[in-house]
There are 2 protein chains.
Amino acid sequence: MHIQPTFRVAAAPTPLQPHAETSALLSAMHPAAITLYAAEATIYNLGDAAGALYFIEFGTVRICRLTADGRRQIVAFHVAGDVFGFEAGSEHESYAESVEGAGIRVLRPSLGQEPTSSLLLLALKSLSRTQNHLIVLGRLTANERVASLLLDLAERQGDDRRVHLAMPRNDIADYLGLTFETVSRILRIFKDQGLIRLRSISHIDLLNPDALAELCQ
Amino acid sequence: MHIQPTFRVAAAPTPLQPHAETSALLSAMHPAAITLYAAEATIYNLGDAAGALYFIEFGTVRICRLTADGRRQIVAFHVAGDVFGFEAGSEHESYAESVEGAGIRVLRPSLGQEPTSSLLLLALKSLSRTQNHLIVLGRLTANERVASLLLDLAERQGDDRRVHLAMPRNDIADYLGLTFETVSRILRIFKDQGLIRLRSISHIDLLNPDALAELCQ
DNA sequence: CGACCTGTTGATTCTGCTCAATCAACGTGG
DNA sequence: CCACGTTGATTGAGCAGAATCAACAGGTCG
């Protein structure tokens with residue numbers, strides 16, 4: 001097991017039983033042992049050879065793309081149970097970093113093997129999620145974007161009343177196409193409206209999920 | 001061959017030799033005969049049963065998603081040679097319409113068949129394209145968005161100096177996360193700057209592709 | 001204890017939206 | 001053939017939402 005320095009787990013590791021297609025994939029692809037990544041560690045970089053997939057045991061991962069002048073767009077956040085690393089070409093067109101500390105299994109494809117249906121399904125789910133995010137970036141207001149993120153995280157974390165924001169404000173902004181100041185302001189607005197409670201900087205109670213859902217329409 | 005009423009082809013049909021993975025897919029999936037669609041015709045709708053894929057012989061297709069209150073986001077434009085219709089679940093989460101008249105072959109999956117690698121590759125290319133569009137919507141200015149569309153269309157149409165805008169301004173706006181007035185204004189700005197020439201409402205000459213490329217960084 | 005980093009808050013600016021008028025292209029019916 | 005209505009595109013004026021610039025607070029680490 002490879003351990004990176006200054007490892008720190010922000011949240012308690014929450015192992016998660018994988019979905020049907022994920023466990024099918026895990027058995028088909030001979031997963032490696034868990035590699036531990038420190039917070040802010042690079043998992044793969046722009047231009048790295050693609051092919052392997054990554055299964056998250058615990059922690060949070062961000063997938064990023066850059067404009068030529070360095071503006072960053074976070075394409076996706078992945079959490080425990082997710083598989084990421086899909087790439088159409090032979091090189092990664094994005095880079096992946098751990099947000100908090102994370103534990104990840106590398107899945108290496110058996111050479112010359114035809115793809116399984118579970119692999120295709122995972123790729124298509126990724127596509128569906130990404131398409132959905134296009135609506136967020138293209139057609140929702142800043143308020144609606146933040147509300148949709150809170151609800152999305154709540155759903156993925158399996159608790160519809162409490163959300164753990166593993167990522168800093170800046171990451172949220174780069175995911176939602178906003179600035180971190182705007183994210184901060186909108187959280188405050190939601191607080192003032194009694195929609196949320198800021199238990200701590202990274203823990204938020206959703207006091208009125210329905211009103212939030214109403215918002216992101 | 002099924003023919004829809006009031007068929008009209010805006011541009012001359014341009015049959016295109018498919019890429020390697022596409023032709024592999026075509027032979028593997030027993031394509032149906034070409035169906036002709038009139039302009040603005042529905043190819044599949046929200047909630048329709050998914051599973052089939054669609055190969056474009058000629059014409060342009062838009063894939064759309066809606067917010068709950070009816071705002072539209074065009075998730076992708078597809079042109080001759082493209083395959084679309086991928087869906088993770090059993091129902092379509094978006095709808096597809098012809099922009100101009102279009103000729104399309106339906107590809108029906110052989111039941112119980114494992115996916116081919118060419119199918120996965122096409123899905124991953126779709127994912128890559130969609131991720132790239134996230135940058136456009138999340139991090140580019142209005143000028144940069146329009147410039148990136150012009151260059152993208154030029155590249156896909158195989159002529160780096162002339163672009164055919166098959167879709168109305170409103171579609172461009174809903175693809176780029178703008179309003180149609182803004183699209184119109186920016187085209188005028190580009191014209192005034194000598195970057196483009198509006199040969200007609202739907203035909204644009206790129207007088208300075210490099211400057212446009214500079215723009216979208 | 002001081003430096004640094006993240007987050008919050010305020011003031012101001014500006015990009016792109018909204019609302020509105022006008023125009024051109026096209027089709028229809030008198 | 002021309003008047004009229006319709007639709008998409010262009011252009012203008014004013015406004016609003018989010019960005020930018022800036023100051024400051026709180027927590028963490030050396």
Side-chain angles (χ1 to χ4, degrees), chain A residues 5-8 10 38-40 62 67 69-73 99-100 136-149 164-192 196-204 215-216, chain B residues 6 8 10 38-40 62 67 69-73 99-100 136-149 164-192 196-204 215-216:
Chain A
T6 66
F7 179 76
R8 174 186 310 267
E40 308 288 315
R62 59 175 177 249
T67 65
D69 63 345
R71 284 169 281 178
R72 182 181 68 157
Q73 175 65 44
V99 174
E100 334 152 82
V136 174
L137 297 186
R139 284 294 171 237
L140 298 196
T141 66
N143 284 21
E144 294 167 338
R145 293 181 202 195
V146 175
S148 80
L149 175 65
H164 170 56
L165 292 179
M167 65 294 293
R169 301 290 189 266
N170 199 12
D171 281 8
I172 297 177
D174 283 353
Y175 179 63
L176 296 178
L178 302 170
T179 60
F180 62 87
E181 295 100 324
T182 299
V183 171
S184 184
R185 270 183 255 271
I186 288 171
L187 288 176
R188 178 167 209 294
I189 290 173
F190 287 172
K191 194 187 77 177
D192 289 350
I196 62 172
R197 196 164 79 86
L198 291 156
R199 184 178 293 275
S200 83
I201 219 167
S202 60
H203 288 86
I204 295 189
L215 253 185
C216 46
Chain B
T6 65
R8 174 187 311 265
E40 308 287 314
R62 59 175 176 248
T67 65
D69 64 345
R71 283 169 281 178
R72 182 180 68 155
Q73 175 65 45
V99 174
E100 333 152 84
V136 174
L137 297 186
R139 284 291 171 239
L140 298 196
T141 66
N143 283 22
E144 293 166 339
R145 293 181 202 195
V146 174
S148 81
L149 175 65
H164 170 56
L165 292 179
M167 63 297 291
R169 302 288 188 267
N170 198 11
D171 281 9
I172 298 178
D174 283 353
Y175 179 62
L176 296 179
L178 302 170
T179 61
F180 62 87
E181 294 100 324
T182 299
V183 171
S184 185
R185 271 183 255 271
I186 288 171
L187 288 176
R188 179 168 207 295
I189 290 174
F190 286 173
K191 193 187 77 177
D192 290 352
I196 63 172
R197 195 164 80 87
L198 291 156
R199 182 179 295 276
S200 82
I201 220 168
S202 59
H203 289 86
I204 296 189
L215 254 183
C216 45

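All chains are named by letter (A, B, ...) in the order of the sequence lines, taking the proteins before the strands, and each is independently numbered beginning at 1. Hydrogens, waters and symmetry mates are skipped; everything else that's a heavy atom, side chains included, is used.
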Check the distance between [N]'s [atom2] and [X]'s [atom1] and give it to me in whole angstrom.
| X | N | atom1 | atom2 | result |
| --- | --- | --- | --- | --- |
| B/Asp192 | D/dT10 | CG | C1' | 12 Å |
| A/Ile186 | C/dT9 | CD1 | P | 13 Å |
| B/Ile189 | D/dT10 | CD1 | P | 13 Å |
| B/Leu198 | C/dA25 | CG | P | 14 Å |
| A/Arg188 | D/dC24 | CZ | P | 18 Å |
| A/Ile201 | D/dT28 | CD1 | P | 9 Å |
| A/Ile204 | C/dT8 | CD1 | C1' | 14 Å |
| B/Leu187 | D/dT10 | CG | P | 7 Å |

Point-to-point distance, once rounded to the nearest 0.5 Å, from [atom1] of [X] to [atom2] of [Y]:
| X | Y | atom1 | atom2 | result |
| --- | --- | --- | --- | --- |
| B/Leu176 | B/Asp171 | CG | CG | 10.5 Å |
| A/Asp69 | B/Cys216 | CG | SG | 10.5 Å |
| B/Leu215 | B/Thr141 | CG | OG1 | 7.5 Å |
| B/Leu178 | B/Ser184 | CG | OG | 12.0 Å |

For C/dG16, does either OP1 or OP2 sit under 4.0 Å from a side-chain N or O belonging to B/Arg185?
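So the side chain of B/Arg185 is outside the cut-off, no N or O lying under 4.0 Å from OP1 or OP2 of C/dG16.
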
Q.
For a quick test of reading the model, state the closest non-hydrogen atom pair linking A/Leu137 to A/Arg145 and the distance between them.
A.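 What the structure gives for the nearest pair is O-NH2, 3.2 Å.
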
Using a 4.5 Å cut-off on heavy atoms from C-beta on, say whether the side chain of [Y] contacts that of [X].
| X | Y | result |
| --- | --- | --- |
| B/Gln73 | A/Val136 | no |
| B/Val146 | B/Ile189 | no |
| B/Leu140 | A/Arg71 | yes |

Original post:
Which residue, B/Thr141 or A/Lys191, contacts DNA chain C at a nucleotide closer to its 5' end, judged by nearest heavy atom?
Top reply: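 It is A/Lys191, whose closest nucleotide lies nearer the 5' terminus.
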
So, with a heavy-atom separation below 4.0 Å from DNA chain D, the residues of residues 171-184 of chain B are B/Phe180, B/Glu181, B/Ser184

| field | Selection residues 174-184 of chain A - residue pairs positive for salt bridge (charged side-chain N to carboxylate O under 4.0 Å, His left out), sequence neighbours left out | value |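 Qualifying pairs: A/Arg72-A/Asp174, A/Asp174-B/Arg139.
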
Between its two end axes (five pairs each) the helix from C/dC1-D/dG30 to C/dG30-D/dC1 turns, nearest 10 degrees, through 30°

Report task. Please tell me which of B/Arg169 and A/Asn143 maps to the more 5' nucleotide of DNA chain D, matching each residue to the nucleotide holding its nearest heavy atom. Result ->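 The 5'-side residue here is B/Arg169.
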
